[in-house]
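Below: the structure, in structure tokens.
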Amino acid sequence: MARPFLTDAGKAALLGAVRAVEARSAAEVVVAVRERSGSYLHADLLAGIVAANLVLFYELFSPWEFSLPLIQVAPTGIGLLVGLATSITPWARRALTPRRTRDAMVRTAARATFVEKGVAGTRGRTGILVYVAVLERTAEVVADLGVTRAVAAGSWTAAIARVAESARGGDAAAVATAVAALVDVLAPALPRSADDVNELADEVGAS
């Protein structure tokens, strides 16, 4: 069984990264961890249908003889079992889903979470959501207009790409390191003011 992403140590590391960024910049960071970004029912159905057809093919063309009831029931039963097994096997769901589809689901879920968490509600429009998608093994960084307008596009693209890459190993500490490194591009463009107020709760949410 794969170890959980958000252990106590991992949560503490991510929270520390959030506070490190906010201590040196005007950015407000929220981290959301999600086990998956879509239903993946298509992957479960695909696995079940393929398995059912393989069983039926074997029954029809095998040198062994099978009874009519078994020919009718076995493919459906095996298909259901394989579909159920796929539904609890993250790597199988990833393998049966094109990368483009997975990326699109992550982007959509990240933007929905950005709105849900109220990250766009800061006074200077400096909210940043770090959305970690565990099954997809990636992370999406969604920044408000105050960030994207202030930070050089090339530097920001490279920094958030490192955050996405850090999630591939399923290690929260690695993601925390990449999140903390965002301050290197945020601090020069969005320095923390003396009267800075923490507008978004420092939290690492999971669901």
Side-chain angles (χ1 to χ4, degrees), residues 1-11 13-14 30-117 119 129-142 160-176 178-179 203-207:
M1 180 182 294
R3 64 185 178 83
F5 177 86
L6 204 57
T7 61
D8 289 342
K11 187 172 183 177
L14 288 166
V30 174
V31 177
V33 179
R34 299 292 182 264
E35 288 300 318
R36 54 184 172 82
S37 300
S39 72
Y40 284 89
L41 179 61
H42 66 278
D44 308 336
L45 291 173
L46 178 60
I49 290 169
V50 169
N53 278 280
L54 288 174
V55 171
L56 179 60
F57 181 87
Y58 178 78
E59 288 179 321
L60 293 177
F61 297 100
S62 170
W64 303 93
E65 291 188 6
F66 297 92
S67 66
L68 182 58
L70 186 61
I71 291 175
Q72 294 174 320
V73 172
T76 301
I78 296 298
L80 288 172
L81 288 174
V82 171
L84 179 60
T86 301
S87 73
I88 59 173
T89 310
W91 67 262
R93 283 180 149 184
R94 280 196 303 273
L96 292 169
T97 306
R99 175 69 178 272
R100 181 179 299 179
T101 301
R102 284 184 276 130
D103 288 347
M105 287 194 294
V106 170
R107 281 193 299 272
T108 299
R111 281 153 180 72
T113 304
F114 183 86
V115 174
E116 174 193 324
K117 293 284 187 181
V119 183
L129 172 73
V130 179
Y131 175 93
V132 182
V134 177
L135 184 146
E136 294 84 1
R137 291 189 174 180
T138 190
E140 182 85 3
V141 179
V142 184
I160 64 176
R162 287 192 289 271
V163 176
E165 183 63 30
S166 70
R168 300 203 184 282
D171 181 12
V175 176
V179 171
E203 63 178 15
V204 177
S207 68

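In this text, all values refer to a predicted model and were calculated from it rather than measured experimentally. Quick note: residue numbers are just sequence positions, from 1.
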Problem set entry | Neighbour count >12 (heavy atoms, 6.0 Å) for atom NZ, Lys11 | no
For this session: Give the minimum heavy-atom separation between Ala139 and Ala164, together with the two atoms involved.
Result: O-CB, 3.3 Å
Exercise. Counting heavy atoms not belonging to Phe66, are there more than 12 under 6.0 Å from its CZ?
Worked result: yes
For this session: Evaluate the criterion side-chain contact (heavy atoms from CB on, under 4.5 Å) for residue pair Thr86 and Leu96; output intermediate values, then yes/no.
Result: CA-CA 9 Å; Thr86 301; Leu96 292 169; 4.1 Å; yes
Exercise. Of the non-hydrogen atoms in Tyr131 and Ser37, which two are nearest, and what is the gap between them?
Worked result: OH-OG, 2.7 Å
For this session: May I ask you to test the Leu6-Val134 pair for a side-chain heavy-atom distance under 4.5 Å?
Result: no
Problem set entry | side-chain contact (heavy atoms from CB on, under 4.5 Å) assessment of Ile78 paired with Leu54 | CA-CA 10 Å; Ile78 296 298; Leu54 288 174; over 6 Å; no
Seminar exercise, completed: Of all heavy-atom pairs linking Ala178 and Ser166, the shortest is CB-OG, 3.7 Å
For this session: Quick one: pull up CZ in Arg137 and CG in Asp171 and give me the separation to the nearest 0.5 Å.
Result: 11.5 Å
For this session: Check each of Val204, Val163, Ile160 against Val130 using the side-chain contact (heavy atoms from CB on, under 4.5 Å) test, and report the only one that passes.
Result: Val163
For this session: Work out which heavy atom in Ala172 is nearest to a heavy atom in Gly10; give both atom names and the distance.
Result: CB-CA, 3.6 Å
Exercise. With sequence neighbours excluded, what pairs up with Leu84 under the side-chain contact (heavy atoms from CB on, under 4.5 Å) test?
Worked result: Ser87
Exercise. Can you name the nearest heavy-atom pair linking Leu129 to Val119, along with the distance?
Worked result: N-CG1, 4.0 Å
Exercise. Taking 4.0 angstrom as the limit, do Arg168 and Glu165 come out as a salt bridge?
Worked result: yes
Exercise. Under 4.5 Å between any side-chain heavy atoms of Tyr40 and Glu136, yes or no?
Worked result: yes
Exercise. Looking only at heavy atoms, what is the nearest atom pair of Ala173 and Ala13, with distance?
Worked result: CA-CB, 4.4 Å
Exercise. Any salt bridge (charged side-chain N to carboxylate O under 4.0 Å, His left out) pairs touching residues 77-95, not counting sequence neighbours?
Worked result: Asp44-Arg93
N/O donor-acceptor pairs under 3.5 Å from side chains in residues 103-116, not counting sequence neighbours:
residue: Asp103; atom: OD1; partner: Arg99; partner atom: NE; Å: 3.3
residue: Asp103; atom: OD2; partner: Arg99; partner atom: NE; Å: 3.3
residue: Thr108; atom: OG1; partner: Ala104; partner atom: O; Å: 3.0
residue: Arg111; atom: NH1; partner: Arg107; partner atom: O; Å: 3.3
residue: Arg111; atom: NH1; partner: Glu140; partner atom: OE2; Å: 3.2
residue: Thr113; atom: OG1; partner: Ala109; partner atom: O; Å: 2.8

